[in-house]
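Worksheet: one structure, shown below.
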Amino acid sequence: MVKITYIDSGGTARTVEGEVGSTVMETAIKNSVPEIEAECGGACACSTCHVYVEEGWKEKTGEPSPMEEDMLDFAFEVKPNSRLSCQIKVSEDLEGLVVRTPERQA
Amino acid sequence: MAETIKTDVLIIGAGPIGLFAVFELGLLDMKAHLVDILDKIGGQCAELYPEKPIYDIPGIPYVTGQGLVEALLAQIKPFGPAFHLGEMVERIERIGEPMFRITTDRGKFFEAKVVVIAAGGGSFQPKKPPIPGIEPYEGRSVFYAVRRMEDFRGKDILIVGGGDSAVDWTLNLAPIAKRLTLLHRRDAFRAAPDSVNKMHALVEEGKIDLLLGQVTALQGSGGALSGALIKRADGSSVTLACETMLPFFGLTMKLGPVAQWGIELREGELIPVDTASFETNEPGIFAVGDINWYPGKIKLILCGFHEAALMAQKAYHYVFPDKKLVFQYTTSSTSLQKKLGVS
Ligand SMILES: Cc1cc2nc3c(=O)[nH]c(=O)nc-3n(C[C@H](O)[C@H](O)[C@H](O)COP(=O)(O)OP(=O)(O)OC[C@H]3O[C@@H](n4cnc5c(N)ncnc54)[C@H](O)[C@@H]3O)c2cc1C
Ligand code: FES
């Protein structure tokens with residue numbers, strides 16, 4: 001299990017455990033983390049699982065694929081550290097990962 | 001008043017389950033009209049994942065979302081369903097036992113003996129950007145769709161987005177706008193390459209402006225827009241004067257008017273049904289596919305297909321109260337094969 005912290009738009013942090021091989025989106029949904037909707041269930045087809053990867057973690061989570069970049073066009077307030085959380089796979093390397101959720105997904 | 005369209009069954013939603021409902025109803029001689037707010041047929045399969053694979057349709061090891069929609073359309077072709085696209089069903093009123101009057105947001109009227117709600121996750125509606133204070137401008141100077149191009153003639157227009165809608169409307173409105181700016185967060189566009197090339201050509205000819213960035217605030221008063229504050233990719237900000245803004249951020253599903261039809265809802269968003277007939281608490285109104293709920297419900301296409309078959313059995317008794325229903329197989333029944341045009 002890997003610890004992941006989600007900080008919501010109001011500043012409240014929630015730390016939960018994610019299974020290696022699942023995604024940052026699935027971990028959020030399983031643990032009822034707010035501000036992640038994931039309308040399409042992780043198919044990179046809705047952009048309602050948008051998160052901001054906290055400073056210092058960008059290298060480990062990697063760059064979005066071209067398909068993910070296309071879907072990010074449908075998200076709001078996209079920043080250089082924006083990712084779709086359904087496209088971030090949980091791995092041992094991500095132990096302690098911190099992401100922030102936007103105020104609105106859609 | 002507009003003419004009323006009479007039909008045996010009105011289906012709300014042209015997703016996979018609404019489409020298959022046409023087949024099951026058709027085998028039992030019931031004619032259907034379908035209404036969908038999308039301008040295309042196929043619901044989530046066509047709008048959200050046309051090119052992605054589906055692996056769990058019984059008997060079909062692999063099919064894409066769009067492939068399934070096309071196969072369903074071929075399957076229901078013999079029954080000649082009528083589609084009313086780009087329209088949202090707003091009202092359902094009971095006017096007989098059973099007979100319903102259905103009204104769309106385009107002012108179209110239907111009279112049907114049976115209503116089938118196959119509304120999935122609700123109607124697809126444009127995503128609204130979370131720009132603080134945008135509400136007073138909506139419908140007055142901020143629009144999520146173009147219904148009449150003439151309304152935009154001579155206007156100072158800001159189009160936001162990088163997909164087909166944003167680029168196509170840029171091309172269409174450029175000749176009639178006073179000035180047009182296309183704003184997108186990055187220098188890559190998802191739209192058809194040919195349209196993107198045309199757009200870049202207009203920029204080079206100085207006919208439109210292309211700006212990279214995102215809108216952070218709006219300026220204006222009383223619903224009249226005067227400018228938009230834009231944060232550029234490099235972090236700097238500019239104010240762009242404009243009187244009309246068209247944001248195109250794709251679609252999201254919102255329950256929409258379903259909540260106002262007087263049907264019992266579960267947790268405000270799903271329609272409980274009886275699993276013998278998939279009828280709601282309102283006799284003559286059925287709910288199939290993702291929109292319904294019953295113990296054990298799972299939101300799978302194959303489950304919706306089953307629901308449509310049982311729904312048609314009960315619907316038959318409303319449409320043909322005096323007829324007796326005889327169970328038949330498509331394999332062996334010549335009467336069913338005649339309806340399918342294969343015998
Ligand atoms: C990315 C993704 C992958 C999926 N993969 C699978 C899979 O592999 N296997 C599987 O079985 N399922 C899958 N699903 C789920 C499947 O797509 C749905 O179960 C299915 O689309 C439900 O069909 P439906 O006809 O009930 O509703 P929908 O497909 O949601 O269609 C409903 C339609 O009704 C319209 N509508 C709603 N309200 C109104 C109104 N008031 N007026 C007019 N129109 C209205 C909507 O605009 C919409 O077009 C997937 C879903 C997604 C998003
Ligand atoms: S859940 Fe839809 S894009 Fe991530």
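Every chain is numbered from 1, with letters handed out A, B, ... down the list of sequences.
- Below 30°, between 30° and 60°, or above 60°: for B:H200 and B:F189 the angle between ring planes is above 60°, a perpendicular geometry.
- With a 4.5 angstrom heavy-atom cutoff, A:E37 does not touch chain B via any of its atoms.
- Proximity to chain B is limited to the backbone of A:Q105, based on heavy atoms less than 4.5 angstrom apart.
- Proximity to chain A (any heavy atom under 4.5 Å) is restricted, for B:K52, to the side chain, taken from C-beta onward.
- Nearest heavy atom pair, residue B:G256 against residue B:Q125, reads CA-NE2, 4.3 Å.
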Residue pair B:Y294, B:E307: steps toward the side chain to side chain donor-acceptor pair (under 3.5 Å) verdict: CA-CA 11 Å; B:Y294 49 87; B:E307 296 162 14; 2.7 Å; yes
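- The cationic atom of A:K79 (NZ for Lys, CZ for Arg) lies less than 6.0 Å from the six-membered ring centre of A:Y52 and within 45° of the ring axis.
- When the candidates B:G162, B:P130, B:G161 are compared by the number of heavy-atom contacts under 4.5 Å with chain A, B:P130 comes out ahead.
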